[in-house]
Each structure stands twice: as structure tokens, then as C-alpha cells.
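Input: a single structure, listed below in C-alpha cells.
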2 protein chains.
Amino acid sequence: MRAITMTQPGGPDVLVCAQVPMPEPAANEVVIKVVAAGINRPDVLQRLGLYPAPADANPGLGLEVSGHIHACGSNVTGWQVGDPVCALTHGGGYAQFVRVDAGSVMTAPDGISLRDAAALPETVLTVWQNVFAKACLKSGETLLVHGAASGIGSTAIQMAKAQGATVIATARSEEKCAFGAKLGADLVINTERKDFASIVGEAGGADVVLDMMAGTFMAGNLACLKARGRLALIAFNAGHEAPVNFIPVLQKHLTIMGSTLRPLLLDEKAALCDAVQAHVWPWIAAGTFAPVIDQTFALEDAAKGHQSMESGTFMGKLLLLP
Amino acid sequence: MRAITMTQPGGPDVLVCAQVPMPEPAANEVVIKVVAAGINRPDVLQRLGLYPAPADANPGLGLEVSGHIHACGSNVTGWQVGDPVCALTHGGGYAQFVRVDAGSVMTAPDGISLRDAAALPETVLTVWQNVFAKACLKSGETLLVHGAASGIGSTAIQMAKAQGATVIATARSEEKCAFGAKLGADLVINTERKDFASIVGEAGGADVVLDMMAGTFMAGNLACLKARGRLALIAFNAGHEAPVNFIPVLQKHLTIMGSTLRPLLLDEKAALCDAVQAHVWPWIAAGTFAPVIDQTFALEDAAKGHQSMESGTFMGKLLLLP
């Protein structure tokens, strides 16, 4: 089969399409014949050598795929060959076939194409884990999410609106702000022109912040959280260090939670997959939420996909088509 | 009745014992005839004008008392005149009588004197809320608590040991370290001589940190937390601002939670009081946990009590006896 390989960290051109052995499923795994694979920012960091894969992971890039079940390990009972699915991989999604723990596989949702379902696992599971499971966003509360046009941002806006929350989003251009508003955000702030914290504060504050920025955004995040506000941190695109004033943290009873999806235990991933199929798939079937695909690339054009990801000009998700 | 009053912020000598009107209970309140009142650090901050009482609070000092029910409001059903109780007040505990929401009152526990029960509400409810309810310390996990000899520290050490946790405590003198060890701490670190973070790290790390320090302790706190560690912050005696490196927060899936007891809703305080009576009172009855009283003062010597609190030389709790 063909898969994207790399022999050293570096720019997009280290990504090479090569013939590699077919994967064999372990007892609790399935092999998926890939229809599409999502490109995510951690893939770029891993390519650059800044985000090493866990020791037990497939060292290949690619954290999410859609496709059909191609083979099942001896202990797998829930899946049949041919089932249309999408899945969180433990690496190796940039390939024609990938093996995945059976608990990290989800039935492809009704309402969108199987190809587009590849855009769901990373962002939907990340948003579910952080905004819903950990930060417990409730109907009627207000979510602030940065990066309105990113995969995470575009997903969080739609899922929070589907939940009945008010959504405030930020972006760094008027075009991306318009994109966020079109997805349903009640208020979108261009952070290149305006101070988001004061605008969110004037709007009444946020109950939950989904933040992939940290750094220069942190003071504003903490300032605009309401009493009992929850900050779910998933990346630090604006710097990994920031001074924190703990007076508002104490006085407002704030909670700051960091997490990433990849190091979760398989049981935890399986529980998240169950929750997402139960709560989010109906929103997709009802047309309340759909992933937004900006562009697709052939597998051998993975380098071009990474160039797009790094350019920051895309809106929504980028997919590889093996 | 007699109560401690103050007409302006300042040193201990602004505390004056005066005749004031007897309190009358509102419909959901009781009046307690005070046997003893705890002195707490927030009282000193309030005296200095640095921690203003909430708008709806009794402006008098004193956040916890023990005594007997003296009168019940018209809606109060759970308490009878004469019941021995201890309670979290909404201010005004430095007095012969104080009115308190009926939900903030607890039956005085078996196993200790009614006088000593005045030392329980602030510290036990704070430790319960932070270490048990919010940070979910489990049997077999490790708690790190600073200030081994403080009211909070001495309480947290004993409650965590009673829960079956390993306890590491810090203090700033050999005498206070010995005190912490005597209370059951498995390891006590003199932070004047040693770097607590590296020692806790070598001991395997902490699942939960109960921190009243922040500031210069924050980097060490985050460094020595294990994966999925929880930091419960209740004060900032080492500075209210600190640089935070969010890489470990993300990689270790850390949670940082701030809170203080005073602004909680009455329903929340009542729920905490119920939990403490159910879980902590049996530890007291069994002799597993007892408050440590360093010194008592007559009500009119409140200024001396505050001098002791500010000297930092005491170990355990200080009480006023009206």
C-alpha cells in the first residue's frame, strides 16, 4: 500500500509517498481502508520534530480518517468488514490503510459524505472532551472560542450553538470573522483590530473559553471569564508561557484545564467516541452541524496540504484523499 | 452583648470590644450563643482593609464559631434551642452571639470539646471543598500541602491521611516540619532549606496540591504534579502573580482551580456542611482527626490573637473565647 513517510524532521518536502507493508490488525484492532484523512496542526508540529509521537504510536502522520472496515482483529465484535466508519488513529492516517483500536472507531454519521466524515474525529472529540465533558458548557451559557475559521473553531461554534449556548468567536481577519458568523457565532471579534477581552466583558463575559492560544491571550481569557468560568486549553499558538494573575482565579473561582487528545487511554477514547456518537451525530443528521472542508489533496500531495495548513489562509478543514 | 468592632482598617489595636445590639434571626437563620470563635488569616486581611466583606455580610470579623443554638428563625426546622453546634458564619463571629444561616450550621462532632469545634468550620470546609469535592483526592493518591503548621495545613494533613492518601507537606522551620510529621504527614520538607518540587518529584510526584502560596511556589507546584494532577489554590501568600509554563499543563493534563469559601451560595455551603458531617465527623469521633489548638484568647484580647496570627509562630489554630 502507499503511505506518507518521512525520514527526518523538516519542511513540507520531507513528506514522501512510498510503498509500505499492509498493516495487520492486533486482536482489539481493525484495519480501515482510508477514503480520506484529516490534516491537523499537530501533524505539522510532528513533521517539524516538535511534537514527537508517543512511544507506542504509529510513527506515521495522520490522526483521523474515514473509510471502510477492511479487516477485524480476533477480539473485535462491534464491526463488520465493509462498515463505513470514521476514526481517531494512533498515527498513520496518511495512508491507504491504517490499523486502529476498535474503540476509537465510530460509525460514519448520517447527513454528510463518508469523505467529509474524515474531518470529524480530531475536532469533534477535542471539542466534546474540552467544552462539554470537562468544561460542562450548558445551554444558555456563553462560549468564547478563538480561531473561528480553524478546524477546532468552526467545529466548536457549531457544536456550542447546537447545545443552545451563546457563542463568541475571534479570528484575525474580516474574512475569517465573516466565516465564523456564517457558522452561527453570535459575535465575532477581529483580534487584529480590537481587544477581545473588553468586548467579551461588555457582552457579559464567558462561562467557558476554548483556547488554543495561551501566551498573549491568557490575561484576556481570564479577564473575560465570568464567575465560575472554565478555561479549556488545548494548544499554545500565542506562546507557551504567560504571567497569570491569580486574584481573578480565586475571586471568580476559575478553573484552568489543559489537555490533548492523543495521550488519552484507549478506554477514555472509546468513552469519548460513544458520547460523540450519542450526542453529536444526531446534530449532523439533523443538519445542525456539518464539517466545513476548505480543500482536498491527493495523498501524494501531502506536502501541498501542509503548505496550506502552515499558510493559515484556509477556513475549515483540509483533507488528503489516498 | 459584647462584640469586637472596628471603625477603620489598621493594626491589631483597631479591634475594640464594645456593647452592641443582640442579633435577631431572619426566617432561615439561627442565633448561636458563642462558646469559641476561630481566628483566621482572612480576618487579618479584612482588618487591614485588604479583603472587604461581601455587601450582604455582617461587617464584623469572625468566620466560624462553636456554641449553642440560642434562637431559631420562623422557617428553621432542623435546630432546637440548646443544640451544641459549630458553624460557618457570614461574618460577626467575634461576639457573644451571632446569627447564621441555618444551612451553615453543623452538629458539634463527638470526640472533641465544644470549644475546640470552633476550630473546624473554616478549615474543614475549605479542605473538603478543595481537596475532596473539587480535586477529588482518592485513597492511594498523594497530596502535597504547603503550610504544614497552619490551620489549613494541619487539617489537610489529617483529613488526607484519614482518606488513605499519602501526604507530603512543607513548612518553613524544623519545628513546624516536626509538627506536620507528628500529625501524620509521610514526608515534610523545610522550604527554607530545600527545593520542594525536586523532592516531591523524586518521591513520585503529587496528584493534588493544596496551595495557599501561588507566586514563587507556582512553578514548583506545576512541576511536581503527576499526569492529571489537580492544583487547588485558596490564597496567594507568596504573591498573586506568577509566570506559568503551559507546556506541562497541557502535556500532563493539569487542572488549576481557584476558590474561596466566603462567596459560595448558601445552598452550596449547606451541601458542603452536609458532606463534612457525613464524612469528616466520623473521623473525629474515631480519633483519626482532631483540630490542634495552639492558643486561646479572651474576646477582649482579640488584638493579641491577631498579633499571634501575624507573627506566624503559632502551630494549628487560634481561638477567641467570648
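Throughout, protein chains are lettered first and strands after them, A, B, ... in sequence-line order, and every chain is numbered starting at 1.
With a threshold of 4.5 angstrom between heavy atoms, Arg262(B) does not approach chain A through any atom at all. Of the atoms belonging to Ala214(B), it is side-chain heavy atoms, and not backbone ones, that fall under 4.5 Å from chain A. For Leu264(B), the parts sitting under 4.5 Å from any heavy atom of chain A are the backbone and the side chain alike.
Around atom NZ of Lys194(A), no more than 12 heavy atoms belonging to other residues, nucleotides or ligands sit under 6.0 Å away.
At a threshold of 4.0 Å, the pair Glu122(B)-Lys317(B) does not count as salt-bridged, since none of the basic side-chain nitrogens sits closer than that to a carboxylate oxygen.
Listed options Ile234(A), Thr255(A), Ile247(A), Leu250(A) were ranked by heavy-atom pairs under 4.5 angstrom with chain B; first place goes to Leu250(A). Taking Gln251(B), Lys252(B), Glu268(B) one by one and counting their heavy-atom pairs under 4.5 Å with chain A, the maximum is reached by Glu268(B). The residue among Arg228(B), Lys134(B), Arg230(B) with the most heavy atom pairs within less than 4.5 Å of chain A is Arg228(B). When the candidates Ser259(B), Pro263(B), Pro243(B) are compared by the number of heavy-atom contacts under 4.5 Å with chain A, Ser259(B) comes out ahead. Counting heavy-atom pairs closer than 4.5 Å to chain B, the top-ranked of the candidates Asn245(A), Val249(A), Leu233(A), Leu231(A) is Asn245(A).
At distances below 3.5 Å, not a single donor-acceptor pair connects side-chain atoms of Asn28(A) with backbone N or O atoms of Asp101(A). Checked by atom type and distance alone, the side chain of Ser104(A) never pairs as donor or acceptor with a backbone atom of Lys269(A) at under 3.5 Å. With hydrogens and angles ignored, the 3.5 Å screen pairs no side-chain donor or acceptor of Ser139(B) with any backbone N or O of Ala165(B).
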**Message:** Go through it in stages, so that I can follow the logic: the residues are Cys273(A) and Val105(A), the test is side-chain contact (heavy atoms from CB on, under 4.5 Å), and I'd like the CA-CA distance, side-chain angles, deciding distance and then a yes or no.
**Reply:** CA-CA 7 Å; Cys273(A) 286; Val105(A) 179; over 6 Å; no
